[in-house]
*Asks:* 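This is the structure I want to talk about, given as structure tokens.
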Amino acid sequence: MAARSALLHSHPEADISLLKVDVGDMNSVLEAAKEIKKRYSRLDYIYLNAGIMPNPQLNLKVFVKGLFSRKVVRMFATGEGLLTQEDHVNANGLQKVFATNVFGHFILIKELEPLLCCPSMTSQLIWTSSSNAHKSAFSLDDYQHSQGIESYSSSKYASDLLSLALNRQFNRRGLYSSVTCPGLVMTNLTYGILPSFFWTLIMPIMFLIRFFTNSFTLTPYNGAEALVWLYKQNPESLDPRAKYHSCTSGLGNNYVNPKKMDLREDTAEAFYKQLLELEHKLRQKVGVAEEAIK
């Protein structure tokens, strides 16, 4: 509601409607999609931004080792091996991070396919990924990451794979998918990783590090650079294998830097098939539950 009020204040003629949905709950996603299909006959864009990182913990061993090495900038820029999470199973029997960051979006896209794939028009999906999306954290044998401790990293790599697979599946029908990385942005999620006094101490250092790496965007305004840029592009001209990074120079100038993602097309296709199988199983469960209620 606060965001809606702020937008209407700056754009009083805008038509802004709200719809509450928990993308980590399949039933909520299905209900939301049903309502969207009632309200609209087509969709031009979907921004797939929802994500969680529950109970983040700092790996002190990795942090201290990296702090006194030549890889200190990369450590802060990518967070590789730096953060661990405690994941849980949700009401649908799925790992909560996977369900929220990946599968809920997948179901939403599938449900809204008729509104996204319309004749003589193009539509665009834009995912918020992360520099923390690492191939080493993801496995096709455990794509929900139930056996690991880097569920966030795994889920973001999974969304990168899914974006690539969606392009292969839907480009011919006018639907295009792109991936952005906002860089290191200081939000409530970021501040929750470490005690507040730590951030107070380290912030001057982070501004200094920005002269050596462009990924320290730090503010939500700077982090949105790639997102805004993508909305202005022709979707057909974008590289499906690129992640579009929001960047901020040491002097505070914003720009977009596309980088090739470390993805295999066969892995993306295999992952897409696994999601389809999981979707089929859960839809059967939902159908059985609905029949039982009747």
Side-chain angles (χ1 to χ4, degrees), residues 3 7 14 16-19 21 23-24 29 32-33 36 40 42-53 98 100-118 121-133 152 155-185 187 189 215 217 219-248 254-263 268 271-272 275:
L7 286 169
I16 302 172
S17 61
L18 302 178
L19 178 63
V21 56
V23 291
V29 173
I36 291 172
Y40 308 105
R42 59 173 277 185
L43 293 174
D44 298 302
Y45 301 95
I46 299 183
Y47 179 32
L48 303 161
N49 179 59
I52 59 171
M53 184 193 291
F98 164 79
T100 305
N101 297 9
V102 185
F103 191 68
H105 296 107
F106 172 72
I107 293 297
L108 185 64
I109 294 164
K110 293 294 298 300
E111 284 293 305
L112 298 178
E113 187 178 327
L115 277 61
L116 291 164
C117 300
C118 297
M121 65 162 277
T122 59
S123 55
Q124 191 173 14
L125 308 170
I126 300 179
W127 299 77
T128 296
S129 184
S130 172
S131 56
N132 190 242
Y152 182 80
S155 72
K156 289 303 179 181
Y157 188 81
S159 65
D160 293 350
L161 283 170
L162 181 53
S163 179
L164 181 61
L166 288 168
N167 278 307
R168 290 174 60 86
Q169 294 291 327
F170 292 105
N171 279 180
R172 63 185 180 277
R173 298 176 60 192
L175 175 59
Y176 295 83
S177 181
S178 298
V179 179
T180 69
C181 175
L184 179 60
V185 179
T187 64
L189 187 150
S215 63
T217 50
T219 70
Y221 179 89
N222 294 344
E225 184 72 18
L227 173 64
V228 175
W229 182 86
L230 275 172
Y231 277 123
K232 296 179 179 180
Q233 309 307 307
N234 178 351
E236 299 174 65
S237 68
L238 297 170
D239 184 353
R241 297 184 66 89
K243 183 177 294 185
Y244 293 88
H245 292 251
S246 294
C247 298
T248 304
N254 294 329
Y255 60 99
V256 177
N257 182 24
K259 296 181 181 178
K260 287 281 187 180
M261 294 185 285
D262 183 15
L263 305 174
F271 179 51
Y272 186 77
L275 291 181

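Along the sequence shown, residues carry numbers from 1.
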*Asks:* Report the residues that fulfil side-chain hydrogen bond (donor to acceptor under 3.5 Å, both in side chains) with K156, sequence neighbours left out, ordered by chain and then residue number.
*Replies:* none
*Asks:* Looking at S178 and L238, what are the two nearest heavy atoms and their distance?
*Replies:* OG-CD1, 3.4 Å
*Asks:* Counting distance only, does the side-chain N/O of Y272 pair as donor-acceptor with the main-chain N or O of L164 below 3.5 Å?
*Replies:* no
*Asks:* Between V29 and G104, which heavy-atom pair has the shortest distance, and what is it?
*Replies:* CG1-O, 3.8 Å
*Asks:* Nearest 0.5 Å, please: how far is CG in L43 from CD in E113?
*Replies:* 12.5 Å
*Asks:* I need the Y157 OH to N132 CG distance, nearest 0.5 Å.
*Replies:* 13.5 Å
*Asks:* V179 and S129: which non-hydrogen atoms are nearest, and at how many Å?
*Replies:* CG1-CB, 3.2 Å
*Asks:* Identify the two heavy atoms, one from S159 and one from V102, that lie closest to each other, and give their separation to 0.1 Å.
*Replies:* N-CG2, 4.4 Å
*Asks:* Between CG of L125 and OH of Y47, what distance do you get to the nearest 0.5 Å?
*Replies:* 13.0 Å
*Asks:* Any heavy-atom pair between the side chains of V185 and P220 that's under 4.5 Å?
*Replies:* yes
*Asks:* Could you tell me which residues satisfy side-chain hydrogen bond (donor to acceptor under 3.5 Å, both in side chains) with S163, sequence neighbours excluded, listed by chain and number?
*Replies:* S177
*Asks:* Enumerate donor-acceptor pairs with a distance under 3.5 Å from any side-chain N or O in residues 221-232 to protein atoms, sequence neighbours excluded.
*Replies:*
unit_1, atom_1, unit_2, atom_2, d
N222, OD1, N254, ND2, 2.9
N222, ND2, T217, O, 2.9
N222, ND2, T219, OG1, 3.2

*Asks:* Looking at C117 and R173, what are the two nearest heavy atoms and their distance?
*Replies:* CB-NH2, 3.6 Å
*Asks:* ring-ring contact (aromatic ring centres under 6.0 Å, His included) with H105: which residues, sequence neighbours excluded?
*Replies:* W127
*Asks:* Between L48 and I109, is the side chain to side chain contact (heavy atoms under 4.5 Å, CB included) condition met? List the steps.
*Replies:* CA-CA 10 Å; L48 303 161; I109 294 164; 3.8 Å; yes
*Asks:* Can you measure from OG (S131) to CG (L184) and round to the nearest 0.5 angstrom?
*Replies:* 7.5 Å
*Asks:* According to the ring pair (Phe, Tyr, Trp, His ring centres under 6.0 Å) rule, which pairs have a member within residues 159-179, sequence neighbours left out?
*Replies:* none
*Asks:* Got a second to check how far L162's CG is from L263's CG, nearest 0.5 Å?
*Replies:* 11.0 Å
*Asks:* Parallel, tilted or perpendicular, judged at 30° and 60°: which one describes the rings of F98 and F271?
*Replies:* perpendicular
*Asks:* Please name all residues satisfying side-chain hydrogen bond (donor to acceptor under 3.5 Å, both in side chains) with N101, sequence neighbours left out, ordered by chain then number.
*Replies:* S155
*Asks:* How close do R168 and R172 get, heavy atom to heavy atom, and via which atoms?
*Replies:* O-NH1, 3.3 Å
*Asks:* To the nearest 0.5 Å, what is the distance between CG (L175) and CE (M121)?
*Replies:* 9.0 Å
